[in-house]
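Since the model is a prediction, treat every value here as computed from it, not as a measurement. Numbering of ligands and ligand atoms starts at 1, following listing order.
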Amino acid sequence: MGTIEIIEKKKNGEELTYNELKYIVEGYVRGDIPDYQMSAFLMSVFFAGMTKKETADMTKVMAESGDKLDLSEIKGIKVDKHSTGGIGDKTSLIVGPIAAACGLKIAKMSGRGLGYTGGTIDKLESIPGFRTDIDRSEFIKNVKDVGLSIIGQTDSLCPADKKIYSLRDVTATVNSIPLIASSIMSKKLIDGSDRILLDVKCGNGAFMKTLDEARMLAEEMVDIGENIGKHTVAMITDMNKPLGRNIGNSLEVIEALDVLDGKGPKDLKELCLTMAANMIVLGKKADSMDIAMIMAEGAIDDGSAKRKFAEMVKAQGGDQTYVYDTTKFKLSDKVIKVTSPDSGFIVSTNAEEIGRASVMLGAGREKKDSVIDPGAGIIMKKSFGEKVEKGEIIAEVYSSGIEKCQNAEVMLQKAIKIGAEKPAPCKLIYERIEHIR
Ligand code: URA
């Protein structure tokens with residue numbers, strides 16, 4: 001068995017064995033298999049797909065590339081939440097603190113921006129001093145003391161996902177069901193959580209464009225979760241428009257804090273409350289969704305969710321003053337206001353294109369070693385379904401270079417369509433997938 005034979009076999013659509021997958025993944029983590037061969041392997045998976053058994057084996061092999069977190073010393077049911085990625089998707093920054101304020105213990109391993117979507121780790125790192133690479137004992141201590149800690153993959157926790165994730169990001173191999181399922185579920189296998197809530201995004205800004213694809217990904221991940229004994233629920237949610245109004249790292253933290261203050265966009269708040277309520281029920285802190293919703297709303301109203309966020313920031317070395325004064329976040333200094341070419345309604349928003357514009361502005365990576373500009377991004381002044389007048393500002397774009405702003409302006413003009421008729425509202429949540437046990 002050798003790397004070329006394995007790539008060839010996958011390219012020809014054959015099923016790989018557990019040992020072949022282990023050979024490829026471990027070889028890549030050790031540095032014996034170079035990026036160019038791993039890229040070819042990932043591209044062959046992208047085109048040939050994987051059987052359910054292969055995806056489950058790939059998940060296992062990736063999880064086994066590092067250590068397992070033992071959270072047994074933390075009492076109670078640990079519930080984790082993970083999104084498949086979208087534009088403006090800052091839900092983890094809101095749902096985590098709400099769930100922690102309602103008594104859950106949240107030990108979360110997140111990722112960086114992937115493709116044209118943002119990542120929780122990059123967003124948190126826009127808070128000066130915030131460390132997402134704390135060691136295991138600090139992580140466990142923070143979960144115990146604060147109720148919430150969020151870290152990235154490390155060289156000892158899911159190193160395979162850490163390396164493969166950043167390679168997929170720059171080789172156009174992100175939107176593959178087996179690669180997404182194994183990436184997400186390998187982290188869930190080792191992170192010590194007991195129950196998992198998955199947010200599977202569906203629509204033009206998601207990796208899964210159709211409901212059928214989103215359902216397939218959701219079912220695959222729910223099966224993997226249940227097979228490893230972790231009760232897993234998936235919600236398929238809309239990504240045909242950016243979630244909320246802000247896209248970009250600092251901008252998304254600011255908006256998340258707005259929601260924790262009881263303000264912020266309605267779609268984002270509603271989705272976060274529903275996700276948090278699902279976690280509260282999964283963690284047995286409430287026995288009905290109605291009660292869980294009241295608890296989640298209460299955590300925003302009484303300020304306890306925001307305090308949890310601030311405590312997490314402090315515990316991970318971040319400057320807590322940013323939490324209470326978001327004007328301290330510095331946005332990039334070049335700004336262009338994008339105006340509407342016509343009067344009418346916003347009838348469609350191509351969220352993928354808007355995400356690509358935000359990456360180009362500096363909020364994401366175009367190469368593995370690209371440096372993120374935390375102040376770059378987009379504020380959607382007008383959103384799907386809203387009325388606009390000709391010449392009215394529909395978005396603001398922020399970057400360190402004016403040319404990037406100009407390019408983003410062109411991209412947004414193409415991505416946002418104005419029509420005469422008010423469109424029917426988008427659904428926020430399409431389906432909830434839970435296997436009866
Ligand atoms: N989130 C992950 O952790 N991995 C993916 O592949 C997509 C979203």
- Basic-acidic side-chain contact under 4.0 Å: Lys53, Glu15: no
- Item | Pairing residues for Tyr322 by the ring-ring contact (aromatic ring centres under 6.0 Å, His included) criterion, not counting sequence neighbours | Phe329
- Go through the side-chain N and O atoms of Asp89 and Ser83 and say whether any donor and acceptor fall under 3.5 Å apart. yes
- Heavy-atom pair with the smallest gap, counting every atom of Ala292 and Ala277: CB-O, 3.5 Å
- Item | Residues in contact with ligand 1, criterion: heavy atom under 4.0 Å | His82, Ser83, Thr84, Leu114, Tyr165, Arg168, Ile180, Ser183, Ile184, Lys187
- Do you know which two heavy atoms are closest between Val313 and Val323, and how far apart they sit? CG2-CG2, 3.9 Å
- Task: Classify the side-chain pair Ser193/Asp191 by whether it contains a donor and acceptor separated by less than 3.5 Å.
- Result: yes
